[in-house]
J.: 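So that we are looking at the same thing, I have put the structure below in structure tokens.
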Amino acid sequence: MEDTFVAVALDDQKIIGQAFYIKRNIDEKQPITWVLQLVVHTEYRMRGIAKTLLYSIWGFSDCYGWGLATSNALTVKTLEKATFRKVKPEVMAEHYEQIIMIKETIPFAQGGKIVIEKGQSILDSGFPVDRAVINKNLQLYEGKWELGELPAGHEWLAFTFQSQPFEITQQEYDEMFDNSEKIVNDAYNRMDLSNQFWNRYQQREVDFILSKLHGRTIQNVLDFGCGNGRHAIEFAGRGYETWGIDYSERNIQQAVAESKVSNVHFVKDDCRTVSLGIQADLALCLYDVIGSFIHVEDNQAILKNIWRHLRNGGCLAMSVMNLELTRAIAINQVPNVRKNLMALASLRPGKIMQNSGDIFKQEYFLLETETGIVYRKEQFENEGDLCAEYAIRDKRYSRDEICGLLEKVGFRILETRYVQAGKWEKPLTAVDPSAKEILIFAEKVSFHS
């Protein structure tokens, strides 16, 4: 059925968890999602897999409500964690008609009597349960239990709704970003760079880079964070021995597939630590490789590694996202996100990384003014992978800040300019709406750790 789906968690091609669910439009409202079955292999429980599966289903904020029937109190807790909302019978009672309408489309629930009132929410599903297991899971449930006693042959009915306020704690915020590197890597793996408007100007941009080298001898080029390899392939096509490094498996595979020349080499590795044993004449680090990590130590590590891979006097052409423009256009901003979690919770999600790449759209980002870190909620779907919504952070720079970081590493600044993708020859002001990047040319001189 077109409105029935399954989300699967794998470990080395072994299925370790699955969630079957339906997503149906009810009463001409936004869709309601009902999870029919949620199962995690016993060896993989208590690792957040169930939450990840449910979040992949419910992370999308276009749903009217999200629900399930269960005899396991911990599944109710998982629902609450995945939707950042509390299961409250009195709230469910306000949406009674919609719950009834979707219930009648569920085979095991059709005709089953439900009771939804303050202190109780149950469904007569005829499901046999083990009372000892029920009691054990109730004891493990953290918080006040509001769904009442569970009679024989019944399951608890649990729903949360779009209209409820987000409830996110400091601990949940920390959990959201604890594995931030994996989140960023997965998000970039899932980007289709062919959809990105800025990903088509490599010929003009390489022309501009070469025009700025002022007769310097260039034999080999390193592209740190090469993406799908467009600049590396362009340089190789002009006769330069070229290497491209990226930590996205998808990007490297695409680069290799698109390369038609033998003098370009692609490496899947981390730009902070990769060691190629090469002294290059020119290094590239374009389109926000610096800033994909939010911590200065990570971005500094990339620049130090570029410095190590350049010969003395070698050049760097790099770009970062323009913080000055970001500040000028931001409509969602707080000094410190950890102290203003509701600002993050209420941020509008979008599919920008999957579709357009225009991450300067004001309604889709939250600026942390104390740090220059930008928060977004990015949704991915319909790729054959698990649908997902990620909270993504990136670090943006002012011209003075990025130049100071480069000089600390051991570069001498040759030129800076505010630019638009594909039109680098046209210098812009810092707050021009098109000036989304700061382009810097620098030269390796000495090392300052």
Side-chain angles (χ1 to χ4, degrees), residues 9-14 179-196 198-200 202 205-206 220-237 240-295 297-310 314 316-320 353-354 357 359 378 380 383-386 388 390 392-395:
L10 302 174
D11 181 11
D12 194 23
Q13 304 305 309
K14 172 185 176 182
N179 203 15
S180 59
E181 283 193 29
K182 180 185 181 301
I183 290 172
V184 171
N185 193 2
D186 195 24
Y188 279 98
N189 264 318
R190 299 181 70 158
M191 285 180 68
D192 184 355
L193 293 179
S194 62
N195 290 334
Q196 313 297 314
W198 46 266
N199 189 53
R200 61 191 68 165
Q202 59 271 19
E205 291 170 350
V206 168
N220 54 2
V221 180
L222 299 184
D223 189 352
F224 281 73
C226 66
N228 62 353
R230 64 194 189 282
H231 292 104
I233 292 171
E234 181 68 24
F235 268 102
Y240 300 98
E241 196 75 16
T242 307
W243 286 260
I245 306 102
D246 202 281
Y247 72 173
S248 166
E249 181 72 35
R250 175 174 178 169
N251 285 344
I252 291 297
Q253 288 176 351
Q254 184 178 354
V256 171
E258 293 183 0
S259 173
K260 307 300 182 185
V261 291
S262 61
N263 57 324
V264 62
H265 318 278
F266 291 106
V267 180
K268 180 187 176 299
D269 212 323
D270 191 320
C271 290
R272 294 168 295 181
T273 56
V274 64
S275 180
L276 301 175
I278 296 166
Q279 292 283 282
D281 302 306
L282 172 65
L284 313 176
C285 191
L286 299 169
Y287 288 101
D288 322 322
V289 177
I290 301 298
S292 293
F293 299 107
I294 66 163
H295 299 296
E297 297 83 4
D298 291 306
N299 293 314
Q300 195 170 38
I302 297 173
L303 292 177
K304 286 181 177 180
N305 205 19
I306 293 173
W307 189 95
R308 285 190 288 267
H309 281 84
L310 278 173
L316 166 64
M318 65 169 290
S319 65
V320 294
M353 287 181 71
Q354 185 177 23
I359 57 178
E378 290 286 353
F380 297 86
E383 299 177 334
D385 294 322
L386 190 63
Y390 299 120
I392 300 293
R393 300 181 290 185
D394 63 68
K395 173 73 174 86

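Positions are given from 1 along the sequence. The figures here come from the full heavy-atom set of this structure, side chains too, leaving out hydrogens, waters and symmetry mates.
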J.: Run the side chain to side chain contact (heavy atoms under 4.5 Å, CB included) test against T273 and tell me which residues pass, sequence neighbours left out.
T.: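 Once residues adjacent in sequence are excluded, the partners of T273 under the side chain to side chain contact (heavy atoms under 4.5 Å, CB included) criterion are D269, D270.
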J.: H231 vs Y287 aromatic rings, parallel, tilted or perpendicular, using cut-offs 30° and 60°?
T.: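 Correct class here is parallel.
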J.: Can you name the side chain to side chain contact (heavy atoms under 4.5 Å, CB included) partners of K260, sequence neighbours left out?
T.: none
J.: Once side chain to side chain contact (heavy atoms under 4.5 Å, CB included) is applied, do any residues pair with Q279, and if so which ones, sequence neighbours excluded?
T.: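 Per chain and number, Q279 pairs via side chain to side chain contact (heavy atoms under 4.5 Å, CB included) with R311, K444.
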J.: Tell me, please, which residues at least two apart from E234 pass salt bridge (Lys or Arg N to Asp or Glu O under 4.0 Å).
T.: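 In terms of salt bridge (Lys or Arg N to Asp or Glu O under 4.0 Å), with neighbours along the sequence ignored, E234 is linked to R238.
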J.: Looking only at atom types and distance, does a side-chain atom of D298 sit under 3.5 Å from a main-chain N or O of R272, one as donor and one as acceptor?
T.: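 No: the side chain of D298 does not pair with the backbone of R272.
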J.: List for me each residue that meets side chain to side chain contact (heavy atoms under 4.5 Å, CB included) alongside V264, sequence neighbours excluded, and say none if there are none.
T.: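 With sequence neighbours excluded, V264 shows a side chain to side chain contact (heavy atoms under 4.5 Å, CB included) to A232, A236, T242, S259, V261, F266, given in chain and number order.
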J.: Could you tell me whether a side-chain N or O of D246 sits under 3.5 Å from a main-chain N or O of I252, the two making a donor and an acceptor?
T.: no
J.: Report yes if the side chains of M318 and L303 come closer than 4.5 Å at any heavy-atom pair, otherwise no.
T.: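 In contact.
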J.: If we only count heavy atoms from C-beta on, is the D394 to D288 side-chain gap below 4.5 Å?
T.: no
J.: Could you check if a side-chain atom of N299 sits within less than 4.5 angstrom of a side-chain atom of V320, using non-hydrogen atoms only?
T.: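 Side chain of N299 against side chain of V320, heavy atoms only: no contact under 4.5 Å found.
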J.: Test N220 against W243 for side-chain contact (heavy atoms from CB on, under 4.5 Å), laying out the working first.
T.: CA-CA 8 Å; N220 54 2; W243 286 260; 3.9 Å; yes
J.: Measuring from S319:OG to L284:CG, what's the distance to the nearest 0.5 Å?
T.: 10.0 Å
J.: Are H265 and E241 close enough, and set up right, to give a side-chain contact (heavy atoms from CB on, under 4.5 Å), and what steps lead you there?
T.: CA-CA 8 Å; H265 318 278; E241 196 75 16; 2.7 Å; yes
J.: Could you check whether any side-chain heavy atom of Y240 comes within less than 4.5 Å of a side-chain heavy atom of D281, counting everything from C-beta outward?
T.: no
